[in-house]
Amino acid sequence: MYANECQDSPKVERNARVIDMRSDTFSLPTEKMRHAMAEAVVGDDVFQEDPTVNALQKRAAELFGKESALLVSSGTMGNLISVLVHCRERGSEAIVGDKCHIFKYEQGGISQFGGVHVKAIPTLADGTFLLEDIVTSIRTDDIHFPRTKVLCLENTHNGCGGKVLPLAYLDKVTAFARANGIPAIHMDGARIFNAAIALKVPVSRLVQNVDSVTFCLSKGLCAPVGSVIVGTTSFVAEARRVRKALGGGMRQAGHLAAAGLVALEEMVDRLEEDHRRAHHFARSIAALQSPFFTADVTATHSNMVRIEFPTDHVTAEVFCKRVGSVTDAEERDLGQTFVVVRLFPVGKNAARAVICNNLTDADVQMAISKISYYADELKN
Ligand SMILES: Cc1ncc(COP(=O)(O)O)c(C=O)c1O
């Protein structure tokens, strides 16, 4: 999205150490994943005869406490298929948050491919909704209106900076949706394991009251490709049909599923490390006490840090460009230790740093030193 704006660092060729904090989507598969992928026993998954895909789906269903699961190519595809299944009937409407990934970053796919009408409601800073906004969005039975079919939640909430939805809120909002007759609840759980780790609960606890979930194997969990839809047997059977219609039926997908199995077995608990590093990074940036930028420490719930720019003197774009390059003065001061830090601007006055398995404690420390150097530069 904003990647190219941060990439044109002129001195990257001069052996700069690149600390890439743009997204956990840059995470790389581990050695064990690469090995498992090479060795995977595979078959034709459209015929449901790929044993490794079947094993991954079975494991995902178990972990989420649901009946069944389906491997899909991406989080976007998982959300699209899930909403399409909930909104099979023409004239259906989905209630979504106005900052959620489905609404902002999926090309309006649910409308584009499914003809689903969208009702976007305000997302609060913590990723939650006001219950009043939900209830006033539910359609009454009126010939003029579409039919409300699904409420979509997102956890952790990317657009709100990796916020973890509180358990009490999850229980309340799902009970409220049911009590008010919304037929289904879908969870965009692209980073649901980050939420589970942050709350120290099994992931099944976070989804016990929703009908379907999409989670990603390829973000903090480091698999190269793949997301999984989880739900009831009948929901997943329909999802499989829709996946095929969208061209998402893969054949020897076990090579991908093999990495996904390693992700589920070995990469979940270590998300704690990413969260610890994100907190350290946020605290260290805030401690610089720069009048031009700060990090929101209390808003750091998982692996994302929001850096804010209270003045127009240093905008997010200016900041990202500067920390993404090396000046001649810096080169003179620091000798050969060039560091460039890549971040995403998220609007004019905020940028996002995301920690994943690619980054060590030392990398995070180097990023902090680089930003500290820039804070000093701004004092002069
Ligand atoms: C919350 C959320 N949902 C869905 C997606 C889409 O995932 P993918 O990039 O695999 O399509 C993303 C991607 O960053 C995301 O952050």
Side-chain angles (χ1 to χ4, degrees), residues 1-3 20-29 60 70-84 94 96-110 112-113 118 120 123 126-129 150-165 170 185-196 198 203 206-207 210 212-230 239 242-243 246-248 250 253 256-257 259-260 263 267 271 274 278 301-306 343-346 352-356 358:
M1 156 175 53
Y2 298 97
D20 199 334
M21 297 179 135
R22 284 173 297 169
S23 178
D24 49 11
T25 57
F26 288 87
S27 64
L28 296 172
L70 183 72
L71 175 65
V72 294
S73 64
S74 66
T76 302
M77 182 178 261
N79 286 331
L80 174 63
I81 292 174
S82 298
V83 174
L84 262 50
V96 303
D98 62 355
K99 294 198 179 83
C100 79
H101 202 275
I102 292 176
F103 184 63
K104 286 188 76 174
Y105 299 120
E106 298 184 6
Q107 268 193 36
I110 60 175
Q112 195 177 161
F113 302 112
V118 169
T123 310
D126 62 356
T128 65
F129 304 133
V150 63
L151 170 70
C152 298
L153 307 174
E154 184 174 313
N155 197 16
T156 61
H157 200 296
N158 180 354
C160 291
K163 294 277 168 51
V164 176
L165 301 186
L170 269 181
I185 303 168
H186 172 69
M187 171 78 77
D188 176 354
R191 296 181 182 80
I192 191 111
F193 284 103
N194 292 85
V203 75
L206 301 183
V207 301
V210 305
S212 58
V213 190
T214 299
F215 74 91
C216 294
L217 296 163
S218 60
K219 299 191 166 66
L221 299 186
C222 297
V225 181
S227 292
V228 179
I229 299 171
V230 201
V242 176
R243 184 186 70 172
L246 293 173
M250 295 181 280
L256 303 177
M267 304 305 282
L271 293 173
D274 296 343
H301 288 184
S302 57
N303 64 334
M304 295 186 186
V305 178
R306 187 178 160 88
L343 302 164
F344 259 151
V346 282
R352 190 184 79 167
V354 186
I355 310 289
C356 71
N358 295 355

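Remember, predicted model here, so these are calculated numbers, not experimental data. These numbers come from the heavy atoms of this one structure, side chains and all, not from hydrogens, waters or symmetry mates. Atoms within a ligand are numbered from 1 in the order they appear, just like the ligands themselves. The chain is numbered in sequence order, starting from 1.
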Could you list the residues that satisfy side chain to side chain donor-acceptor pair (under 3.5 Å) with [X], not counting sequence neighbours?
X: T76; result: none
X: S74; result: none
X: N194; result: H275

Inset, instruction - For the pair N358 (side chain) and L28 (backbone), establish whether a donor and an acceptor sit closer than 3.5 Å, ignoring hydrogens and angles. - result: yes
Inset, instruction - Look only at the side chain of S227 and the backbone of V72, and say whether a donor-acceptor pair between them is shorter than 3.5 Å. - result: no
Inset, instruction - Please determine which of V96, N79, V210 meets the side chain to side chain contact (heavy atoms under 4.5 Å, CB included) test together with H186. - result: N79
Write out each pair where an N or O from ligand 1 and one from the protein are under 3.5 Å apart, with the distance.
from: ligand 1; atom 1: 3 (N); to: D188; atom 2: OD1; distance (Å): 3.1
from: ligand 1; atom 1: 3 (N); to: D188; atom 2: OD2; distance (Å): 2.6
from: ligand 1; atom 1: 7 (O); to: K219; atom 2: NZ; distance (Å): 2.9
from: ligand 1; atom 1: 10 (O); to: G75; atom 2: N; distance (Å): 2.8
from: ligand 1; atom 1: 10 (O); to: K219; atom 2: NZ; distance (Å): 3.2
from: ligand 1; atom 1: 11 (O); to: G75; atom 2: N; distance (Å): 3.4
from: ligand 1; atom 1: 11 (O); to: T76; atom 2: N; distance (Å): 2.9
from: ligand 1; atom 1: 11 (O); to: T76; atom 2: OG1; distance (Å): 2.6
from: ligand 1; atom 1: 16 (O); to: N158; atom 2: ND2; distance (Å): 2.8
from: ligand 1; atom 1: 16 (O); to: R191; atom 2: NH1; distance (Å): 2.7

